Amino acid sequence: MVDLDTFGNCRKASDKATWSLEEAVAGLDFDFSRRFLPLRICGHEVPAWMTEAQQLKLNQLRGYSYAHIFSVVEEFIIEQTCGTANKYVHVDSDAVSAIIKFADDELKHQRMFSEMKTRLANGFGFTPV
């Protein structure tokens, strides 16, 4: 068990969990013949007048929305994290290092969601707005 009581220990733990965005999205492919989200995430209710094909497309568009929402959340996390790091610049270099490492991972998350949105839009043949 890793002791995460200090920024130094947090940084060391995050160094062990380093990941590459390119590796994470290398095999990312969407099967547009299937739903992207389970019904429990995107809701069980769909209009009764929708055909199966329309319901499938709605599910996939909700998948795009899911990626978009998380991309926006990442922006907020990155902003808050950088503001927190600024408070430690002249106080604790381990804290700054750990916080910046965290922000770097959040930037990769943001880029990952952006890549998901691009690949989904390419599959749709249009960019949802």
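Quick caveat: nothing in here was measured; it's all calculated off a predicted structure. Side chains included, hydrogens not; waters and symmetry mates left out as well; all remaining heavy atoms used.
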If every non-hydrogen atom of F126 is compared with every non-hydrogen atom of P128, which pair is closest and at what distance? O-CD, 3.4 Å

Evaluate the ring planes of F36 and F32, with Trp represented by its six-membered ring, and classify them as parallel (under 30°), tilted (30 to 60°) or perpendicular (over 60°). perpendicular

Are there over 12 heavy-atom neighbours, none belonging to H68, within less than 6.0 Å of that residue's NE2? no

More than 12 heavy atoms from other groups under 6.0 Å of CZ on F76: no

Tell me whether S65 contacts the main-chain N or O of L61 through its side chain, where contact means a donor paired with an acceptor under 3.5 Å. yes

At what distance, to the nearest 0.5 angstrom, does CZ of F30 lie from CZ of F124? 8.5 Å

Indicate the atoms forming the closest heavy-atom contact of Q60 with D31, along with that distance. NE2-O, 4.3 Å

Does K87 have more than 12 heavy atoms from other residues, nucleotides or ligands lying within 6.0 Å of its NZ? no

Stepwise side-chain contact (heavy atoms from CB on, under 4.5 Å) check, F102 with I77: CA-CA 10 Å; F102 179 80; I77 292 170; 3.8 Å; yes

R111 with E115: basic N within carboxylate O range, under 4.0 Å: no

Determine whether a donor-acceptor pair (N or O, by modelled atom type, separation under 3.5 Å) exists between the side chain of T84 and the backbone of Q80. yes

Does S114 use its side chain to pair, donor to acceptor, with the backbone of Q110 at less than 3.5 Å? no

When you look at OH of Y88, are more than 12 heavy atoms from neighbouring residues, nucleotides or ligands closer to it than 6.0 Å? no

Mind running side-chain contact (heavy atoms from CB on, under 4.5 Å) on W49 and Q54 for me, showing each step along the way? CA-CA 9 Å; W49 52 264; Q54 290 170 329; 4.2 Å; yes

Smallest heavy-atom separation, A67 atom then K117 atom, equals CB-CG, 3.9 Å

Shared hydrophobic cluster, Y66 / M112 (ILVMFWY, side-chain heavy atoms < 4.5 Å): yes

Looking at every heavy atom in both A121 and T127, which two are closest together, and how far apart are they? CB-OG1, 3.8 Å

Worked check of side-chain contact (heavy atoms from CB on, under 4.5 Å) between V89 and N86: CA-CA 5 Å; V89 168; N86 191 42; 4.0 Å; yes

Considering non-hydrogen atoms only, spot the tightest contact between R35 and L56 and give its length. N-CD1, 3.5 Å

Take I78 and E75, measure what side-chain contact (heavy atoms from CB on, under 4.5 Å) needs, and give me the verdict at the end. CA-CA 5 Å; I78 293 163; E75 288 178 17; 5.8 Å; no

When I99, D92, I100, D94 are each screened for side-chain contact (heavy atoms from CB on, under 4.5 Å) with V96, the one that passes is I100

Taking E106 for its side chain and E74 for its backbone only, find out whether a donor-acceptor pair lies under 3.5 Å. no

